[in-house]
Each structure stands twice: as structure tokens, then as C-alpha cells.
Amino acid sequence: MAATETLTSQEAIALEDKYGAHNYHPLPVVLSRGEGVYVWDVEGKKYYDFLSAYSAVNQGHCHPRIVNAMIEQAKTLTLTSRAFYNDTLGAYEKYATSYFGFDKLLPMNTGAEAVETAIKLSRKWAYEKKGVPEHEAQIIVCSNNFHGRTTTIISFSNDEDARKNFGPYTPGFIKIAYDDIEALENVLTSHKNVAGFLVEPIQGEAGVYTPADDYMKRAQELCNKHNVLFIADEIQTGIARTGALLAVCGNCSCEEHCERQEKTYAQPDVLILGKALSGGAYPVSAVLANDAVMDVIKPGQHGSTFGGNPVAGAVATEALEVVKDEHLIQNARRLGTIFREKINDFIATSNIATLVRGRGLLNAVVINDTEDSSTAWDICMALRDNGLLAKPTHGNIIRFAPPLVMTEEQLLDCVAIIIKTLKEFEK
Ligand SMILES: *Cc1c(COP(=O)(O)O)cnc(C)c1O
């Protein structure tokens with residue numbers, strides 16, 4: 001008998017509390033099963049998942065095709081390390097590079113590792129291709145960024161919880177305001193040694209801050225002009241989440257013409273993917289770039305024991321195929337528009353919520369209370385009681401990001417739950 005079979009929620013929480021490091025503050029719900037847009041707790045209560053593991057589960061929980069690809073590969077060959085070739089990696093790299101429109105892919109496992117890879121890649125490119133003097137390369141980042149948890153990445157965070165007492169910090173980063181083209185232009189004009197501009201097309205963790213429609217395109221143009229790599233962290237926004245294949249809208253594979261595409265099309269020099277690259281089944285991340293950039297990395301200069309392992313390749317290939325076959329880009333765009341319309345109609349009559357923002361099915365509702373209030377948390381507890389799981393990001397903002405396999409009927413059901421719950425908190 002499995003050790004967890006007889007546990008109640010309270011017992012499972014007590015175990016984590018006693019034996020696990022306290023590096024998270026989870027909503028008190030203990031999940032034991034997932035399928036599509038639903039998860040179930042250990043007592044058997046069913047919920048809509050409106051976090052999707054921070055947009056890792058875009059394809060829905062335990063997608064049968066992805067799970068099957070994982071099982072079949074796991075039964076055949078799981079890990080060779082890159083000391084040898086395996087018969088899965090090359091085919092996956094061919095598929096993924098053509099899918100996203102790049103020459104090459106460098107496989108890693110977690111998002112933070114892929115961001116680290118992009119940082120190392122752009123620094124090396126700056127020294128070897130751009131002629132920046134050694135140790136002088138700078139990377140421009142945005143305030144309120146979230147790019148992961150390694151020592152270097154938290155060095156350029158401005159979240160005190162993420163940073164404090166983890167120094168000394170890695171130098172070489174210049175922070176500018178997000179969605180501020182002039183700030184970017186000023187730094188690019190006044191600094192000679194810039195390797196890259198690392199940016200999230202929408203700042204998910206910060207509260208789904210959605211920049212001007214043309215921010216990415218103009219940023220890319222400025223980077224090109226100044227011979228600086230435009231590095232898009234699409235770990236949360238990519239792979240159909242925002243109603244485009246990528247939130248920068250490069251290589252948008254929409255079936256119908258994408259009206260945003262003309263004005264907003266941007267193609268990153270370096271693309272960082274993670275999370276939904278595996279549909280949440282397995283840790284798979286990747287950095288994509290063209291040869292002129294990627295070729296600066298030579299044998300022995302970067303790597304990972306598990307990066308590019310056969311299971312990862314099989315899972316990621318299937319996860320990307322599912323996105324296409326099930327038209328998740330189109331579904332996310334269509335349902336996102338309905339979601340924001342319905343919530344906006346409610347906000348017009350309400351004083352508990354002030355704003356809904358986002359693209360596709362990456363949205364946030366701003367709660368009408370101070371940043372340090374517990375109202376957003378209390379609303380998430382009430383949403384849980386009403387059968388829907390969401391989590392506050394940064395105080396009074398609630399992110400709503402369900403799996404993209406949701407139907408319109410399910411979405412309308414969820415909108416009703418959200419509005420009913422918000423009404424309980426009306427002032
Ligand atoms: C989640 C996330 C990361 C870090 O990914 P991990 O797999 O948690 O290391 C980096 N950037 C963005 C934008 C993310 O959302």
C-alpha cells in the first residue's frame with residue numbers, strides 16, 4: 001500500500017510542514033489526481049485548475065498522448081548523458097527548431113537553467129562576435145522581472161524576498177523600467193558593452209503586466225540597431241498561452257490571420273522555453289537561437305547530465321504536437337477574449353475588482369485593496385471552497401491561467417464561480 005493512500009489533507013500538510021523546507025506558502029489544498037482542466041484533492045473534491053502549474057500544464061493534466069509518449073520512452077531508454085548520442089534528441093531538435101523557426105536548440109531541464117544558458121550564450125557571443133572586452137559585458141533586464149531562482153538570476157531581481165541574504169550578487173546587469181522603450185534606447189545609446197536585452201513579453205509573476213502591443217517589436221528593432229541580442233523569456237508566456245505560439249508573436253501559427261501580427265511581429269535572437277514545453281509531464285527547457293549565435297558554444301563549455309535526455313525529447317515532441325493538433329493557440333485566444341469581456345462586465349458593476357488584464361488565457365484580476373492586505377488570499381480560499389484553484393501574485397492581484405484545453409462551456413462555468421465568489425467580498 002502506498003504511504004499516501006490513507007492520508008487526509010490535514011495529515012499531508014502536516015508532513016510537508018514538518019519534513020519539508022518552508023520555501024513555499026501553498027494554498028491549503030492537497031491534490032492527488034488531475035485530468036484535463038480538473039484536479040481532485042485527497043478527499044475527492046473536484047476543482048478547476050486556474051494556475052496550470054504556472055502555465056506548465058497548457059495541454060491539460062495528464063494528457064494521454066503525452067503520458068503515453070513518456071511511458072513508451074521510459075520503457076525503452078531514459079538517460080545516456082551527452083557522452084553518447086541517443087536516437088531521440090536529434091529528431092526532437094529538428095522538430096522544435098522548425099516549429100519555432102530557429103537553426104539550433106540547446107536542451108536543458110528547468111526554466112532557470114535555460115535562462116542561465118541564455119545569459120552565458122549572450123555573454124560569450126558579445127566577447128567573441130561583438131568584440132566586447134572580457135568581463136565587461138552587460139545584460140539589460142527589467143524591473144519586477146521573474147526569471148528563476150539561481151544565484152545569478154536573483155542578483156538582478158528586485159524582489160527582496162528572492163534576494164535578501166543570498167549575496168554577494170553576480171554583476172553585469174543593468175535594470176530598466178518595463179514597457180519603457182525610451183529607457184531601453186537610453187541605455188543602448190549610452191553603453192557600448194551590452195550583450196543582450198532579457199525580457200518577458202508579459203511579466204507573469206509580477207502580476208501579468210501586459211506591455212504596449214508594439215513594445216516587443218520596437219525593442220527588437222532597437223536591439224538590432226545596436227547589435228544587441230534580443231532575448232525573450234517565454235517560459236510562462238510561450239507555447240499558446242497568450243493566444244499566439246509565442247507572446248512576442250514571432251512565427252505566430254494562427255490558422256486565421258492574426259490581426260496583431262502585422263503591428264507587433266517580433267523575432268527574438270534568443271528564445272527561452274520551459275514549463276509547457278513538456279505539458280507539465282517532465283522538466284524540459286530549451287534555448288533556441290540561430291547558428292551565428294549558438295555556434296559560439298563549443299564542446300565542454302556548457303552542459304547538463306539530464307539535458308536532452310530521451311524521455312525529455314519524446315515528451316516535448318508530443319507536447320508540441322498536441323498544441324497544434326488541438327488548436328490550443330486559437331482556443332486560448334478565443335476563450336481569453338470571452339473571459340476578459342465577462343469579467344469586465346462584472347467590474348463595471350463592482351467595487352471589489354478594479355481591472356482585468358492579460359492576453360489569451362494568461363490574465364489577472366486586480367483586487368480593490370492595499371498591496372499588503374489579505375483580501376486576494378481570502379478570495380482564493382473562497383474560490384477553492386467554490387471549486388476553483390487560483391493563487392495571488394504580489395499582494396492584491398489574482399492570476400487566472402487555466403489549461404488551454406478548456407471548452408467554452410467550462411469557461412463560462414468558471415466565470416460564474418469567479419463572479420459569485422468576488423460578490424461575496426463586495427464592499
Ligand atoms: C517559471 C519561470 C522561470 C523559471 O522556471 P523554473 O522551471 O521554475 O526554473 C523563468 N522565467 C519565467 C518567465 C517563468 O515564468
Side-chain angles (χ1 to χ4, degrees), residues 21 23-26 50-58 106-122 139 141-159 161-163 166 173 175 178-179 196-211 215-216 219 230-242 244 246-248 268 270-288 304 306-307 309 312 315-316 319 358-364 390-394 397 399-401 404:
N23 58 328
Y24 277 91
H25 179 39
F50 260 69
L51 185 65
S52 306
Y54 302 97
S55 297
V57 192
N58 286 1
L106 197 160
M108 298 297 280
N109 313 285
T110 68
E113 284 176 323
V115 173
E116 286 278 348
T117 302
I119 291 168
K120 289 174 69 178
L121 177 64
S122 26
I139 291 174
V141 298
C142 292
S143 42
N144 302 321
N145 67 71
F146 182 83
H147 295 289
R149 299 296 198 165
T150 63
T151 314
T152 289
I153 293 171
I154 58 102
S155 294
F156 56 83
S157 165
N158 53 286
D159 175 347
D161 284 336
R163 266 173 71 85
F166 291 120
F173 299 93
K175 202 176 295 154
Y178 188 62
D179 195 17
F197 173 46
L198 170 63
V199 66
E200 299 156 87
I202 292 174
Q203 288 189 326
E205 293 312 297
V208 192
Y209 280 100
T210 310
Y215 177 52
M216 288 293 101
F230 178 60
I231 310 163
D233 179 348
E234 292 253 17
I235 292 169
Q236 186 160 156
T237 51
I239 315 183
R241 171 55 56 187
T242 67
L246 299 175
V248 294
V270 179
L271 171 66
I272 310 170
L273 297 174
K275 293 194 170 119
L277 187 53
S278 73
Y282 202 75
V284 186
S285 67
V287 173
L288 291 99
S304 157
F306 281 84
N309 72 74
V315 165
R359 274 194 214 133
L361 282 175
L362 181 60
N363 295 289
K391 191 99 196 283
T393 81
H394 284 87
I397 301 166
R399 170 175 32 202
F400 290 101
L404 310 182

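Everything numeric here is computed off the predicted structure, so don't read it as measured data. Order of appearance sets the numbers: ligands from 1, and atoms from 1 within every ligand.
- For the pair Asn58 and Lys275, the minimum side-chain heavy-atom distance is 4.5 Å or more.
- In this structure, OG on Ser143 lies 7.0 Å from NZ on Lys175, to the nearest 0.5 angstrom.
- Protein heavy atom at the shortest distance from atom 6 (P) of ligand 1 is Gly111 N, 3.5 Å.
- Using a 4.0 Å cut-off to heavy atoms of Asp233, the atoms of ligand 1 that qualify are 10 (C), 11 (N), 12 (C), 13 (C).
- In terms of protein heavy atoms, atom 14 (C) of ligand 1 is closest to Lys275 NZ, 2.9 Å.
- Just one of Ile239, Leu277, Val248, Thr242 meets the side-chain contact (heavy atoms from CB on, under 4.5 Å) condition when paired with Glu234; it is Val248.
- Applying the 4.0 Å criterion to heavy atoms of Glu200 picks out, from ligand 1, the atoms 13 (C).
- Distance screen at 4.0 Å: atom 8 (O) of ligand 1 has no protein heavy-atom neighbour inside the cut-off.
- Of all the heavy atoms of Phe146, the ones lying under 4.0 Å from any atom of ligand 1 are found in both the backbone and the side chain.
- In this view, Asn145 satisfies the side-chain hydrogen bond (donor to acceptor under 3.5 Å, both in side chains) rule with no residue, not counting sequence neighbours.
- Taking CZ from Arg399 and CD from Gln236, the interatomic distance works out to 4.5 Å, rounded to the nearest 0.5 Å.
- In this structure, Phe156 and His147 have tilted ring planes: the angle between them lies in the 30° to 60° band.
- Scanning all protein heavy atoms for the shortest distance to atom 4 (C) of ligand 1 gives Ala112 N, 3.7 Å.
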